Structure formats: C-alpha cells, structure tokens
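Have a look at the structure below before the remarks.
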Protein chains: 2
Amino acid sequence: MSDRTESRGRIIASARRLFYEAGYENTSYADLAAAAGVPKGNFYYHFKSKDELLGAVLEARHADVAAALDTWAAQARTPQEGLRRFVRMVMSEEEALVAYGCPVGSLLTELGKHRDDLREAARAVMDLYVEWLTARFTELGHPARHAEVLAKRLLARAQGAIVMAHAYGDQALLRRELKDIEAWLSEQAPT
Amino acid sequence: MSDRTESRGRIIASARRLFYEAGYENTSYADLAAAAGVPKGNFYYHFKSKDELLGAVLEARHADVAAALDTWAAQARTPQEGLRRFVRMVMSEEEALVAYGCPVGSLLTELGKHRDDLREAARAVMDLYVEWLTARFTELGHPARHAEVLAKRLLARAQGAIVMAHAYGDQALLRRELKDIEAWLSEQAPT
DNA sequence: AGGCAAATCAGACGATCGTCTGACACCGAG
DNA sequence: CTCGGTGTCAGACGATCGTCTGATTTGCCT
C-alpha cells in the first residue's frame with residue numbers, strides 16, 4: 001500500500017537526492033521530472049502536493065535510519081561500540097556531508113524558517129538518533145535525563161562540525177573534529 | 001559613497017532582517033518592498049540584482065561584526081576574557097538564534113548548495129570570527145596552527161548548539177550547551 | 001476479445017518570481 | 001524661472017513556479 005508502483009519509488013528516490021543536494025525550495029518539479037524520467041503530470045497522481053512528496057521522502061529516510069539503528073544495536077556488543085559506530089557512520093559520509101551538509105540538519109534549518117508541520121517530520125528523524133544514542137548513554141550508567149543531554153550534545157557537535165566543514169569545503173576539518181568527538185566520547189564512557 | 005540615500009539604508013536594514021528570518025531565496029521583492037516601505041521599482045536603482053542586494057547586506061553585517069570584535073579586543077584585558085565574551089554574545093542572542101538559527105551559519109548552509117560567489121562573501125564574515133578567536137588562542141600560548149583549530153572548534157560547537165536548539169525550539173538546550181562550551185574553554189585556557 | 005480501473009503523460013492554468021522600463025517629483029545651480 | 005541630474009515610483013515583461021485537467025495507454029479480470 002505504501003509503494004504501489006515502481007515509478008512512485010523512482011520519484012521518491014530522485015526527490016530524496018535532489019532535495020538533499022539542491023535544497024527543498026530550490027528543487028522544482030521540472031528538475032524532478034528530468035531527474036526521475038517521469039513527466040511532471042504524473043507526480044500529482046502519486047502525491048497531491050510538493051509538501052506531501054517531501055513527507056514521503058522523510059518517511060523513506062525515517063525508515064532507513066530506523067533500520068540502520070536496529071542493525072547497529074544488534075551488532076554492537078557494548079554501548080561504547082554503538083556510540084563509536086555512530087561517529088564512524090558520519091565519517092563514512094564525509095564527502096557528501098562536506099559538499100551538501102547534513103541531510104537532516106540542513107533540511108531542519110531550511111524548514112525551520114517556516115512550515116511547522118514538515119519541520120516536525122524532519123525532527124522525527126533526528127529524534128530517532130536522539131533516542132538511540134540516549135539508550136546507549138543510559139546503558140553506560142548515566143541517569144536518564146543526563147543521558148539525553150549527552151545524546152543531544154553528541155549530535156550538536158556532529159552538526160556543528162558538518163556545518164563548518166560544509167561552509168569551508170574542508171574535509172580535513174570534519175575528520176579532525178570527528179576524531180575530537182571520539183576522544184570526548186571515551187571520556188563519557190569510562191571503561 | 002556607500003550609503004548615498006536614506007532609502008538605500010532602509011532597504012538594506014529590511015533585507016537584512018527578512019533574509020535572516022525567512023531565508024534569502026524565500027524572501028521576495030514584494031516582501032522587501034512591503035517591509036521597507038519602498039516600492040520595488042526603486043530597488044533596482046540602488047542594487048541591480050537581488051544577489052547584489054545580498055552582497056550589500058553581507059557587507060553591512062561584516063562591518064558590524066568587525067566593529068564589535070574591535071570593541072571586545074579593546075575591553076577584554078585577558079585572552080580568557082575575550083573568549084568568554086564571545087560565548088556571552090551568543091547567549092545574549094538566544095531568542096533570535098532559537099527562532100531563526102545563526103544568521104551566518106544558516107545563510108552559509110543555504111548558499112552552500114549553490115552560488116559560489118555569495119557563499120564566499122558569507123564565509124568572509126565567519127572568517128572574522130575565526131581570525132579573532134585564533135588570535136585569542138594564540139595569546140594563550142597555543143601554537144598558530146593549533147590556535148586556528150581551536151577557534152574553528154569553538155565556532156563549530158556554537159553552530160551545532162544553535163542548529164539543535166533551532167531544530168527543537170529549545171532555548172534551554174542552547175543555554176546548557178553554551179555553559180558546557182564555557183567549561184571546555186577554561187580547560188583550553190589554563191590560568 | 002472486451003471492459004475497466006490503474007497508471008501515464010502532454011500541456012494549459014493562474015500566480016508569483018526577479019527584472020526592467022519610462023514617466024514623474026524633487027532640488028540646487030545658472 | 002528653467003534646466004538637468006538624482007532619486008522615486010507604478011506597472012509591464014518574460015520566465016518559471018506548483019498545480020491541475022483531460023486524454024491516452026497499460027494490464028489484469030472475465
């Protein structure tokens with residue numbers, strides 16, 4: 001019921017990429033049609049507005065992130081390992097992050113200036129990370145409230161590193177900051 | 001020569017506010033005309049394109065930041081005091097930062113997806129902070145290269161805190177992170 | 001083969017975008 | 001009083017935006 005046709009999936013995949021690389025407002029239906037190989041008349045059969053299309057894109061990303069977090073939780077045998085895996089995931093996306101920023105963070109920045117409903121959908125993706133990281137910090141023995149503070153601090157530091165690296169187009173900056181974040185992490189996770 | 005007329009200044013002031021609160025691409029000449037009380041036909045007498053208007057806005061912000069940094073440098077009697085003053089400045093802007101994000105950071109995020117020339121003008125404002133903070137860390141005895149790393153790390157942490165606080169509309173988050181940054185700062189600045 | 005809903009596609013629609021033109025108001029110099 | 005330049009303003013321009021309609025094709029069911 002969610003992915004009725006193949007072209008619907010192609011539209012979502014193209015939109016996901018374009019919204020990320022060029023921004024939501026800055027991506028037109030003409031761009032989407034060209035990228036997806038689907039005439040724009042067809043878009044309104046699947047999504048009755050551009051906002052609804054972004055909703056579907058966020059839904060897809062939400063599902064992907066949730067699946068990835070499940071995998072990590074299953075593979076990491078200690079909370080420390082889980083936290084480090086998060087940082088390593090950011091590292092593995094270095095090139096795209098330097099070129100386009102954080103897919104969730106930059107979208108939140110763009111939507112934050114208007115459009116409360118879509119902003120909530122984007123924040124839901126961020127919440128997945130917050131909750132998963134909070135669980136890891138809790139396992140480390142931090143009381144619940146402080147665990148969430150640490151989770152958001154970790155995310156804030158990652159966001160900041162990405163913003164600066166993106167602003168300066170500086171991949172070394174991102175790598176260096178992520179290393180520093182890892183060092184900070186091992187202080188929070190006494191072995 | 002730079003501010004030939006009063007209406008030119010009104011246009012820049014309005015544009016500066018609207019570009020910040022609503023975003024650059026999302027602010028139309030109709031919006032600007034309504035906010036500045038200047039008919040849009042007049043805009044092209046002062047600025048021959050919207051991009052040039054943004055250039056003037058960035059120039060104004062650049063001048064303001066440079067002036068503020070000069071004042072701080074004169075008032076702060078120790079490098080520690082200067083660094084703390086930077087954090088306090090961010091604190092004093094809490095409400096706007098939570099509502100709209102960082103004026104420089106969010107603009108860099110928006111422009112980073114396209115428009116290389118304007119991105120450079122925005123980055124010039126960020127560079128003012130980088131250079132000023134680098135000078136303070138150098139005064140603390142850090143070698144030049146490491147001082148710049150610390151300056152960018154401080155800015156990255158501030159950016160990240162603002163992005164998260166903006167995403168969640170959470171002023172307490174911003175205040176808490178800034179306090180943590182201050183604590184981190186005093187570790188880098190052994191008295 | 002025939003029928004019918006699901007899916008596809010081309011193109012028109014009004015609105016709005018950034019840009020530009022040309023006429024008009026103001027005002028000190030001659 | 002006249003002139004010329006600086007600044008002001010209303011409105012038109014083509015382009016492009018997101019949206020929508022109607023006709024057409026596809027593919028499954030009997």
Side-chain angles (χ1 to χ4, degrees), chain A residues 1-58 107 110-111 113-119 121-122, chain B residues 1-58 107 110-111 113-119 121-122:
Chain A
M1 181 177 289
S2 81
D3 49 354
R4 293 200 305 267
T5 69
E6 183 228 343
S7 86
R8 187 180 196 269
R10 279 232 307 279
I11 292 174
I12 291 182
S14 291
R16 183 167 166 176
R17 192 169 59 83
L18 287 181
F19 287 170
Y20 174 39
E21 294 178 3
Y24 173 60
E25 303 274 7
N26 208 58
T27 301
S28 72
Y29 270 92
D31 298 332
L32 289 169
V38 171
K40 67 175 183 169
N42 196 352
F43 281 67
Y44 278 76
Y45 175 74
H46 298 288
F47 315 97
K48 63 174 185 287
S49 76
K50 198 185 174 189
D51 287 5
E52 190 176 306
L53 172 56
L54 177 56
V57 167
L58 286 171
L107 187 62
E110 181 180 356
L111 297 176
K113 308 223 164 191
H114 40 150
R115 290 190 200 296
D116 288 357
D117 48 338
L118 289 174
R119 181 172 160 186
Chain B
M1 181 177 288
S2 84
D3 49 354
R4 294 200 304 267
T5 68
E6 183 228 344
S7 85
R8 188 181 196 270
R10 279 232 309 278
I11 290 173
I12 292 182
S14 291
R16 183 167 166 174
R17 192 170 57 83
L18 286 181
F19 287 170
Y20 174 38
E21 295 178 1
Y24 173 61
E25 302 275 6
N26 208 58
T27 300
S28 71
Y29 270 90
D31 298 332
L32 289 169
V38 171
K40 68 175 183 170
N42 197 353
F43 282 66
Y44 277 78
Y45 175 74
H46 298 287
F47 315 95
K48 64 174 183 285
S49 75
K50 197 186 174 187
D51 287 6
E52 190 176 306
L53 172 55
L54 177 57
V57 166
L58 285 172
L107 188 61
E110 180 180 357
L111 296 177
K113 309 224 164 192
H114 39 147
R115 288 185 201 299
D116 288 357
D117 49 336
L118 289 173
R119 181 173 159 186

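Just the heavy atoms: all of them, side chains too, but no hydrogens, waters or symmetry mates, feed the values below. Per chain, numbering begins at 1; letters A, B, ... match sequence-line order. Predicted model only: the values in this text are computed from it and were never measured.
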In whole angstrom, what separates [X]'s [atom1] from [N]'s [atom2]?
X: B:Glu25; N: D:dC17; atom1: CD; atom2: P; value: 12 Å
X: A:Lys50; N: D:dC20; atom1: NZ; atom2: P; value: 14 Å
X: B:Arg10; N: D:dT8; atom1: CZ; atom2: P; value: 9 Å
X: A:Asp51; N: D:dC17; atom1: CG; atom2: C1'; value: 14 Å
X: A:Asn26; N: C:dC17; atom1: CG; atom2: P; value: 15 Å
X: A:Asn42; N: D:dA23; atom1: CG; atom2: C1'; value: 14 Å
X: B:Phe47; N: D:dG7; atom1: CZ; atom2: C1'; value: 14 Å
X: A:Tyr29; N: C:dC9; atom1: OH; atom2: P; value: 16 Å

Sidechain-backbone polar pair: [X] side chain, [Y] backbone, donor-acceptor under 3.5 Å:
X: B:Lys50; Y: B:Tyr29; answer: no
X: A:Arg16; Y: A:Val57; answer: no
X: B:Glu110; Y: B:Tyr24; answer: yes

If you check every side-chain atom of [X], which of [options] has the closest atom?
X: B:Ser28; options: C:dA6, D:dG18, C:dC17; value: C:dC17
X: B:Tyr44; options: D:dT8, C:dG18, C:dA10; value: C:dG18
X: B:Ser7; options: D:dT19, C:dT19, D:dT8; value: D:dT8
X: B:His46; options: C:dG18, D:dC20, D:dT8; value: D:dT8
X: B:Ala30; options: C:dT19, C:dT8, C:dC17; value: C:dC17

With a cut-off of less than 4.0 Å, is there a side-chain N or O of B:Tyr45 near OP1 or OP2 of D:dC9?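 It does not, given that no N or O in the side chain of B:Tyr45 lies less than 4.0 Å from OP1 or OP2 of D:dC9.
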Hey, could you give me the CG/CG distance between A:Leu32 and A:Asn42, rounded to the nearest 0.5 Å?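 So the CG of A:Leu32 and the CG of A:Asn42 are separated by 12.5 Å.
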Quick check for you: to the nearest 0.5 Å, what is the distance between A:Leu18 atom CG and A:Asn26 atom CG?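 Going from CG on A:Leu18 over to CG on A:Asn26, the span is 10.5 Å.
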Base D:dT19 to side chain A:Lys40, donor-acceptor N/O within 3.5 Å cut-off: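 Side chain to base: pair present.
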